[in-house]
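Every number for a ligand or one of its atoms is a count from 1 in the order of the listing. All values below were derived from every heavy atom in this structure, side-chain atoms included, with hydrogens, water molecules and symmetry-related copies excluded.
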Amino acid sequence: MGLILGLNSAYHESAVCLLEDGVVRFAAEEERFSRIKHGKPARVDNPDSLPEKSLSAALREAGARLCDVEAVGYSFNPPLRLKNIDAGGGVEGDWGSMAGERLFQEKLRQVPLLLDKLAGRSLKKGFHWLDHHLCHAASAFFPSPFDEAAILTADGIGEIATTGLFHGQGNRIRKLEELLYPDSLGFLWEKVTLFLGFTEYDAAKVMGLAALGKPAKFRGAFRQFVRLEEDGLFFVAPEIVRFRTPDYGALEALLGPRRQPGAELDPRHGDIAASLQELTEEVLLGLAERLWQRTGSRNLCLAGGVALNCVANAVLQEKSPFHRIYIQPAANDAGTAMGAALLLWRQILGRPKNWFLEHPYLGPAFGESEIHQCLIRHGLRFEVCPEIEVRTAQLLARGAIVGWFQGRMELGPRALGNRSLLADPRNPGMKEILNRKIKHREEFRPFAPSVLSEHARDWFRIPGNSVSSDFMLLAYKVLEGQAKKIPAVTHLDGTARVQTVRAKTNPRFHRLLSEFYGLTGVPILLNTSFNDREPIVCTPADAVKTFLRTGIDCLVLGHTLVKKKPDAP
Ligand SMILES: [Fe+2]
């Protein structure tokens, strides 16, 4: 049957991807099933904690058993880590220390044994340890519409690489160059994000905060620990990013005191974020230029956690020498499961290209009867509406906040119209209402718009051509004169992290937007992830629980409508 399994569990964002004859049958993150954010914390003692729940869901979807799998690709290569890691200088027992690295290796070695146990037979012959950054590269190139492209990867760390320059052609990805720890954009972001009083997973908050600040004030300070060369290479001072060291002395000497979690934000914090953002854009532009000189390609694929920076991505689209840019929605480590599976299929097994990623709806779906049983279990009254898009558009236009649960779950950290909270973008108070009733986010953080693709250029300045605007991975300027019509989705710097919606790839969401456009003249909805400080909902039961415990007015699951109050909104 040609089943190939891709797995990620080395650090965080544990995920699975199942290919059948080279076609992605299922791809999802463990966190959605386990309800533990990022699947698990990144620790030396837990890479053997496999994404078993998402694996079961994948096998269920394909009607297969683990023992049927022909080959397994794991998106980390332990021997590569052993070769060059600079043990010493890290926190004792953690990465960078002898004991920590030894434990990490031991736990990694358990992965194939545990899989054998789950499969009830040895999968050893078909098990492949794969280079982490090569998996990131494969996750960007093989799902892309390109047959040839330059590929840039950037994250915290893989085995020892932090940044990769690749060239993809047909079935083959060739590594041109890699940068090693500690020259890491991902670690730099983690460190500054912690310095600013957030958690290491809050890079998106710092990116949002950057719009409030001015980069000039700390430009010089950042240049003291990040050196940019004219040839596009960059170097980070090791004392800044060293593995997990809780020492902020070097940063405090240059940027002032660290912000304590929960403390008031002041303009200095915005300025620091703005400097980091500016520096990141410069580094990425330099690397892109270097990569273009090596490949001469017109196409660029991006992956790694850094590629979730939608502001930098837009800068690359506008200013780099590449004509077309592609980023798939799971640019972070979750995507390496898909990269590992596709790398096996295309490059290692040499099988044909049977698939590219047209849409991100690759997770589980739930039938109407399952949905109704769940609602009955919770004692909820509901109605089935054949014209659910018309009904929902009316509710949204009247100000309701709608939990919108449709079809297969999206891959990647953004809700893209199947597990979304939707609201009217015209209401200037909507951001505050959403935060108060449901999301509890910092007030400076923007909400994003979903727009009918055929109207997108009437509202946003979209340079060039990128299908990645379907995945909310590029921030565009809202056109002058239009921003005041959609205040709830326009960020303080006049940009928006746009999702373009096409009828071909999400017909129901497209129809909903069309109905809302018919009622209001605005082809846009505010779209934020269906969750409240937990992983995005996966099942109807998750959706119902979030609906009941927050201020969501209406819940739409398939064709079924549930209102919190009969007269809602
Ligand atoms: Fe990574």
Side-chain angles (χ1 to χ4, degrees), residues 6-17 27-31 37-44 46-47 49 51 73-78 80-81 84-85 95-96 104 108 111 128-143 151-166 173 175 177-191 193 199-204 236 241 243-244 280 283-284 287 301-309 312-313 327-343 411-413 473:
L7 277 181
N8 170 54
S9 72
Y11 297 123
H12 46 198
E13 289 136 14
S14 305
V16 298
C17 173
E29 268 186 71
E30 181 71 0
E31 64 157 28
K37 264 199 169 185
H38 312 290
K40 65 185 180 65
R43 281 202 326 248
V44 288
N46 69 10
S49 166
Y74 188 80
S75 62
F76 195 91
N77 190 356
L80 202 61
R81 171 78 165 210
N84 289 303
I85 194 68
W95 282 298
F104 187 45
L108 281 163
V111 170
H128 298 253
W129 300 109
L130 300 171
D131 298 6
H132 185 77
H133 272 259
L134 188 57
C135 291
H136 271 310
S139 82
F141 177 59
F142 291 134
I151 312 163
L152 175 60
T153 62
D155 66 1
I157 190 168
E159 292 83 7
I160 49 166
T162 62
T163 311
L165 277 60
F166 299 86
I173 296 174
K175 182 166 75 182
E177 200 172 0
E178 65 185 9
L179 277 66
L180 306 182
Y181 169 82
D183 302 320
S184 165
L185 276 178
F187 275 1
L188 181 65
W189 270 80
E190 262 188 28
K191 192 76 183 190
T193 302
T199 79
E200 71 229 66
Y201 290 106
D202 287 333
V236 182
V241 296
F243 281 126
R244 306 271 169 118
T280 304
V283 171
L284 290 173
L287 290 167
C301 295
L302 294 171
V306 177
L308 290 174
N309 189 314
N313 292 345
I327 314 147
Q328 53 81 15
N332 57 7
D333 276 2
T336 62
M338 182 166 68
L342 288 165
L343 190 69
L411 175 65
L473 285 168

Contact summary for S184 and T162, nearest pair of heavy atoms: CB-CG2, 3.5 Å
Using the six-membered ring wherever Trp is involved, compare the ring planes of Y11 and H132 and label them parallel, tilted or perpendicular (cut-offs 30° and 60°). perpendicular
I'd like to know if the side chain of H133 reaches the main chain of A161, judged simply by a donor and an acceptor atom lying under 3.5 Å from each other, with no hydrogens or angles considered. yes
Angle, NE2 of H136 through the Fe ion (ligand 1) to NE2 of H132 - 10° precision: 90°
Of all the N, O or S atoms in D155, which one sits nearest to the Fe ion (ligand 1)? OD2
Name whichever N, O or S atom of D333 ends up nearest to the Fe ion (ligand 1). OD1
Rounded to the nearest 0.5 Å, the CG atom of L342 sits from the OG1 atom of T336 at a distance of 11.5 Å
Using a distance threshold of 2.8 Å, state whether an N, O or S atom of H133 lies below it from the Fe ion (ligand 1). no
